[in-house]
Amino acid sequence: MTDLGATLDAAGGGAPPPPQTSEIGFILAVARALHRYGTPAHRLEEAVELVSARLGLDCEVFSTPTAIVMSFGEPAELRTRMLRAESTELNMSKLEAVDEITAKVADRELSPEEGLEELARVTAAPPRFSPGVVTLAQSLASGAMAVFFGGGGADVAAAAAIGLALGLLARWAHRRRPAPPPPPPPPDADADAPPPGRPHRRSRGLPVISPMPPPDGEPSGLSRVFELVAALVAALTASLLAALWPAISASLVTVASLIVLLPGLALTVAMTELATRNLISGTARLMSAVIVLLELVVGVAIGEHLVARFLDIPRAVPTPLPPWTMWLSLAASALGVAIVLQSRWRSVGWILLACVAGTLGSRLGAAWLGKDLGVVGGAFALGVAANVYARVLDRSSQTVIVPAALLLVPGSIGFQGMISLIDRDTISGVDAMFAMFVVATAIVAGLLLANSVVSPRRLL
């Protein structure tokens with residue numbers, strides 16, 4: 001491809017005006033940071049286009065789960081950059097910090113150069129909560145969800161113990177191998193050459209700026225099949241405990257212990273992107289969620305069949321705890337999920353309030369519309385609470401919606417449907433899978449209705 005400036009010079013038309021490299025560099029960094037911390041495609045594109053307009057840039061952006069394509073300038077001097085997206089991490093505190101920095105640069109409170117430096121500090125900062133605290137929070141969330149599924153005291157204890165084991169397994173599986181040291185440069189190396197191991201990239205007028213710190217090393221091989229292995233361990237342990245302790249319901253404990261890994265949130269985001277006409281991103285995210293669900297189901301099936309070959313697993317009917325424990329478990333699960341998603345402490349109370357609003361809205365909606373469609377009321381109440389939070393405190397609504405939505409998402413429904421299909425119970429499996437998509441669509445409808453009634457008045 002011929003460089004645009006060289007082409008115009010050769011044609012006698014003169015070089016195009018110099019690009020706003022600092023502004024473009026900041027926009028590139030914002031797009032990559034928002035994508036990294038789990039922002040849906042429609043929100044990312046709207047935020048980037050709004051900030052670009054405020055900085056005097058003409059920008060078009062196209063976001064997918066694996067890449068971001070951005071074009072700057074008029075058609076005669078168009079500059080395009082494709083960013084290869086890295087795996088996302090749901091980190092609400094960093095997402096909120098990125099939103100605050102972006103708003104300050106858009107309001108001219110910070111220069112693009114200062115904003116770029118702040119973004120680099122945010123992305124390079126360690127997580128707010130240590131891995132040990134996150135592991136304990138995952139155990140707390142798993143035990144609390146067992147109460148929601150109607151489990152008894154034995155089920156709660158078993159789910160919390162397995163959730164703790166899965167948290168430890170996640171720490172071990174997602175460790176990184178030490179990166180090998182780069183080879184020394186040759187004696188006659190050009191002083192302006194890029195560092196060893198990094199290709200020299202040219203970008204036709206666009207700055208080569210990335211706020212992402214380099215990885216510490218290659219991920220372990222287990223991280224690629226972590227969901228399958230975690231599901232196998234959960235089902236194997238739950239089945240063994242059920243065989244030794246008849247009061248435990250193996251299937252209930254398995255689903256509760258895997259609640260953090262179920263792709264219900266990804267499914268809901270995918271349906272939201274499809275509803276907002278981001279078809280490529282929504283389709284790709286939907287298939288990714290289905291693949292994760294299949295890995296979990298295969299792992300559970302292997303674990304259960306291994307135990308069934310040697311032991312008789314009783315099918316216990318769980319005895320639900322008193323109704324008041326549901327509210328206690330709601331608070332515990334909200335706290336656990338907030339820590340797992342690295343939320344700021346100042347947001348935890350609002351997350352709990354949004355969870356209560358979503359639960360009450362779901363109950364009211366179920367009384368009016370039925371069990372599956374009743375979640376519209378819960379999603380609407382959750383969306384209104386999150387948008388009120390954003391308007392009153394001038395913060396990102398996403399940092400409240402994402403943790404609270406984990407208690408509404410239909411991952412457990414799809415999980416049960418896949419299990420039924422594996423067991424050749426086709427009618428029940430298809431019915432559950434259809435219910436999963438109905439519930440996901442209902443959640444999307446409720447959130448979009450909430451945005452039309454109460455605008456968050458924020459970039460995110």
Side-chain angles (χ1 to χ4, degrees), residues 16-17 19-85 88 94-116 118-119 122-123 203-207 209-211 269-270 272-282 284-285 387 390-391 394-399 401 447-448 451-452 455-460:
Q20 298 168 277
T21 54
S22 60
E23 286 82 357
I24 293 177
F26 177 75
I27 296 300
L28 294 175
V30 166
R32 177 166 286 176
L34 291 179
H35 189 284
R36 178 177 182 178
Y37 300 128
T39 306
H42 65 287
R43 284 185 176 269
L44 187 152
E45 293 175 359
E46 291 172 0
V48 168
E49 291 175 357
L50 176 59
V51 176
S52 299
R54 291 188 183 180
L55 294 180
L57 293 173
D58 187 6
C59 174
E60 293 186 4
V61 56
F62 176 69
S63 175
T64 72
T66 57
I68 308 171
V69 180
M70 305 173 66
S71 295
F72 299 90
E74 299 295 331
E77 53 184 46
L78 199 63
R79 297 173 174 86
T80 301
R81 164 64 61 82
M82 186 190 77
L83 302 177
R84 186 69 171 90
T88 59
K94 290 190 176 184
L95 178 62
E96 188 171 353
V98 170
D99 176 63
E100 293 171 352
I101 295 169
T102 305
K104 289 180 179 179
V105 174
D107 295 337
R108 303 292 182 174
E109 297 179 16
L110 291 176
S111 67
E113 294 85 355
E114 293 172 334
L116 196 59
E118 292 294 326
L119 285 178
V122 169
T123 54
S203 185
R204 307 197 187 282
L206 290 182
I209 299 176
S210 172
V269 172
T272 303
E273 292 177 340
L274 291 173
T276 54
R277 302 300 184 268
N278 289 272
L279 302 181
I280 294 179
S281 180
R285 204 179 299 273
N387 290 344
R391 291 180 68 89
D394 197 27
R395 299 174 186 169
S396 171
S397 62
Q398 284 293 101
T399 57
I401 289 178
L447 292 176
L448 294 179
N451 288 337
S452 64
S455 172
R457 198 174 61 182
R458 288 288 294 180
L459 297 176
L460 297 177

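Everything quoted here is computed from the prediction, not taken from an experiment. Excluded from the calculations below are hydrogen atoms, water molecules and symmetry mates; all remaining heavy atoms, backbone and side chain alike, are included.
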For [X], what residues pass the side chain to side chain donor-acceptor pair (under 3.5 Å) criterion, not counting sequence neighbours?
| X | result |
| --- | --- |
| Thr64 | none |
| Ser52 | none |
| Asn451 | Asn387 |
| Glu118 | Arg121 |

Once rounded to the nearest 0.5 Å, what's the spacing between atom [atom1] of [X] and atom [atom2] of [Y]?
| X | Y | atom1 | atom2 | result |
| --- | --- | --- | --- | --- |
| Leu110 | Ile101 | CG | CD1 | 8.0 Å |
| Arg43 | Asn278 | CZ | CG | 12.0 Å |
| Thr272 | Arg285 | OG1 | CZ | 10.0 Å |
| Arg54 | Arg108 | CZ | CZ | 10.5 Å |
| Arg84 | Thr66 | CZ | OG1 | 5.0 Å |
| Leu57 | Glu23 | CG | CD | 6.0 Å |

Query - Side-chain (Thr399) to main-chain (Ser396) donor-acceptor, under 3.5 angstrom - result: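 Yes; at least one donor-acceptor contact below 3.5 Å.
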
Report task. Spell out, as yes or no, whether a donor-acceptor pair under 3.5 Å connects the side chain of Arg81 to the backbone of Ser71. Result ->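 No, Arg81 side chain to Ser71 backbone: no donor-acceptor pair under 3.5 Å.
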
Query raised in the report: By side chain to side chain contact (heavy atoms under 4.5 Å, CB included), which residues pair with Ala97, not counting sequence neighbours?
Result: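 So Ala97 forms a side chain to side chain contact (heavy atoms under 4.5 Å, CB included) with Val122, Arg344.
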
Identify the two heavy atoms, one from [X] and one from [Y], that lie closest to each other, and give their separation to 0.1 Å.
| X | Y | result |
| --- | --- | --- |
| Phe72 | Cys59 | CE2-SG, 3.7 Å |
| Gly25 | Leu116 | O-CD1, 3.7 Å |
| Ala31 | Met70 | CB-SD, 3.7 Å |
| Leu279 | Leu274 | O-CD2, 3.8 Å |
| Pro65 | His35 | O-CE1, 3.2 Å |

Report task. Evaluate the criterion salt bridge (charged side-chain N to carboxylate O under 4.0 Å, His left out) for residue pair Arg395 and Asp99; output intermediate values, then yes/no. Result -> CA-CA 8 Å; Arg395 299 174 186 169; Asp99 176 63; over 6 Å; no

Query raised in the report: When Thr102 is tested against each of Leu50, Val48, Val51, Ile27 for side-chain contact (heavy atoms from CB on, under 4.5 Å), which residue passes?
Result: Val51

Query raised in the report: Does Glu45 have any salt bridge (Lys or Arg N to Asp or Glu O under 4.0 Å) partners at least two apart in sequence or in another chain, and if so, which?
Result: none

Query raised in the report: Can you tell me if CD on Glu49 sees more than 12 non-hydrogen neighbours from other groups inside 6.0 Å?
Result: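 Count over threshold, so yes.
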
Query - Note, Leu83 side chain near Val69 side chain (heavy atom, < 4.5 Å) - result: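 Leu83 vs Val69: side chains apart.
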
